[in-house]
Amino acid sequence: MKLITFKDIQELNIRPCQCFDWAEQMIRNKKNTILPPKISMKPFDGTFCNVMPSIISQTGNLSWGGVKIVTRYPNRVPSLESRILLMDAASGEFLALMDGTWITTMRTGAVAAHSILLLAKENFSTIGIMGLGNVVRATLLILEDKLPDRELHIKLLKYKGQEVDLAERFCANKNYHFTFVDTPEEMVKGSDVVLSGATYLPNDVCEDKFFDEGVLVQLSIRWDLQTVICFLTRFLPMMWGM
């Protein structure tokens, strides 16, 4: 059984648009999966441990299965971490124990971007964002790859200086125009898309009256293992030279 680290995956240099294509493929073929409800354990407030199994049937006798565990501990850096146990579902052979943090982040960003491109109003130009972690960064990377000529005005809800770090990551993109806001109401009002990368929200973001008609609200906090396994079936051959 192979051990695959975050660094191993990162060094494959997978393009953001490739992650989008894999996610879209899995959404279209979701009927070919076995995906029971995840088990979510919350030992104390703000912390969770989610356990998610899935099997994907493919051509012939080939099928892939796995179990992913995602944990959130707010005082840990990073607060979110994930591990995946991958198996050949046809033979029962365990294939790999691997880091799941990169895959989960990019998969979640890919599905968020897919929803935005599919459901947001045509020619959307303003995005309000809260929860400024790696999932939001992944979403913006994919939108950048899919919409290279689109100018976007992006309002970031201030949080512990993360808004500055995120804007600096995209300083080379002259089509991304960032502003920092102090309140959820400022972030939501006037936005065509409201994107939340927060993994824990104790209360509503703000009152309904601040959401403009036709706004898309995209919550990027769902973890779909069948899409994660789809990612694995694509880049494991890259890693193993198959």
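If you take NZ on K158 and CE on M187, they are separated by 14.0 Å, rounding to the nearest 0.5 Å. Here the CD-CE distance, from Q162 to M130, works out to 11.5 Å after rounding to the nearest 0.5 Å. Taken from CD1 in I127 to CG in L152, the straight-line distance is 5.0 Å, to the nearest 0.5 Å. Within the model, atoms NZ of K68 and CD1 of I103 stand 8.5 Å from one another, a figure rounded to the nearest 0.5 Å. Here S196 contributes atom OG and L132 contributes atom CG; the two are 9.5 Å apart, rounded to the nearest 0.5 Å. With rounding to the nearest 0.5 angstrom, the OG1 atom of T5 is 7.5 Å from the CD atom of E11.
One side chain, S40 or N50, offers a donor N or O that lies under 3.5 Å from an acceptor on the other.
Side chain of T33 to backbone of N29: no donor-acceptor contact under 3.5 angstrom is found. The backbone N or O of G46 sits less than 3.5 Å from a side-chain atom of R72, completing a donor-acceptor pair. With hydrogens and angles disregarded, no donor-acceptor distance shorter than 3.5 Å links the side chain of Q18 to the backbone of R15. Using a distance-only test at 3.5 Å, with no hydrogens or angles considered, a donor-acceptor pair links the side chain of R76 to the main chain of T71. Of the possible polar contacts, one joining the D145 side chain to the C17 backbone as a donor-acceptor pair under 3.5 Å is found. One N or O on the side chain of K155 and one on the backbone of E186 form a donor-acceptor pair closer than 3.5 Å.
The shortest distance between side-chain heavy atoms of M106 and I142 falls below 4.5 Å. Using a 4.5 Å heavy-atom threshold, the side chains of I9 and M98 count as touching. Contact check for V181 versus L157: side-chain heavy atoms found under the 4.5 Å cut-off. For the pair M87/L85, no side-chain contact is recorded, criterion being any heavy-atom separation below 4.5 Å from C-beta on. Taking 4.5 Å as the limit, some side-chain heavy atom of F20 sits within range of a side-chain heavy atom of L117. Between T101 and R83, the closest side-chain pair of non-hydrogen atoms falls below 4.5 Å. Considering only heavy atoms from C-beta on, V194 stays 4.5 Å or farther from F210 through its side chain. At a threshold of 4.5 Å between non-hydrogen side-chain atoms, the residues L140 and I129 count as touching.
A110 and A23 make their closest contact through CB-CB, 3.7 Å (heavy atoms, listed as atom of the first residue, atom of the second, distance). Minimum heavy-atom separation, I84 to G100: CD1-CA, 3.8 Å. Of all heavy-atom pairs between L141 and P16, the closest is O-CB, 3.8 Å. The shortest heavy-atom contact between A96 and I4 is CB-CD1, 4.0 Å. A120 approaches V193 most closely through the heavy-atom pair CB-CG2, 3.7 Å. Contact record, S191 with V215: O-CG2, 3.2 Å, taken as the closest heavy-atom pair.
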Inset, instruction - Show the numbers, then the answer: is there a side chain to side chain contact (heavy atoms under 4.5 Å, CB included) between R150 and L143? - result: CA-CA 9 Å; R150 177 76 60 90; L143 290 176; over 6 Å; no
Legend entry - Criterion side chain to side chain contact (heavy atoms under 4.5 Å, CB included) on T139 and Q218, from CA distance to verdict: CA-CA 11 Å; T139 305; Q218 173 64 40; over 6 Å; no
Inset, instruction - Output, in order, the C-alpha distance, side-chain angles, deciding distance and verdict of side chain to side chain contact (heavy atoms under 4.5 Å, CB included) for F48 and L80. - result: CA-CA 9 Å; F48 62 70; L80 278 174; 3.7 Å; yes
Legend entry - CA sep, side-chain torsions, deciding dist, call: N175, E151, side chain to side chain contact (heavy atoms under 4.5 Å, CB included): CA-CA 4 Å; N175 289 328; E151 286 208 24; 3.6 Å; yes
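A single hydrophobic cluster is not seen to contain both W64 and L3; linkage of ILVMFWY side chains at heavy-atom distances under 4.5 Å, directly or through other members, places them apart. Cluster annotation: L97 is not connected to F6 through the hydrophobic network of ILVMFWY side chains, with a link wherever side-chain heavy atoms come within less than 4.5 Å. Note on V205 and V217: same hydrophobic cluster, where clusters join Ile, Leu, Val, Met, Phe, Trp and Tyr whose side-chain heavy atoms are under 4.5 Å apart, directly or indirectly. One hydrophobic cluster holds both V164 and F170 under the rule that ILVMFWY side chains link at heavy-atom gaps under 4.5 Å.
The environment of D182 atom CG is dense: over 12 non-hydrogen atoms of other residues, nucleotides or ligands sit within 6.0 angstrom.
Every residue two or more places apart in sequence or in another chain that forms a side-chain hydrogen bond (donor to acceptor under 3.5 Å, both in side chains) with D212 is listed here: K189.
The list of ring pair (Phe, Tyr, Trp, His ring centres under 6.0 Å) pairs with a residue in residues 67-95, not counting sequence neighbours, is empty. Counting only residues at least two apart or in different chains, ring pair (Phe, Tyr, Trp, His ring centres under 6.0 Å) contacts with residues 120-159 comprise H153-H177.
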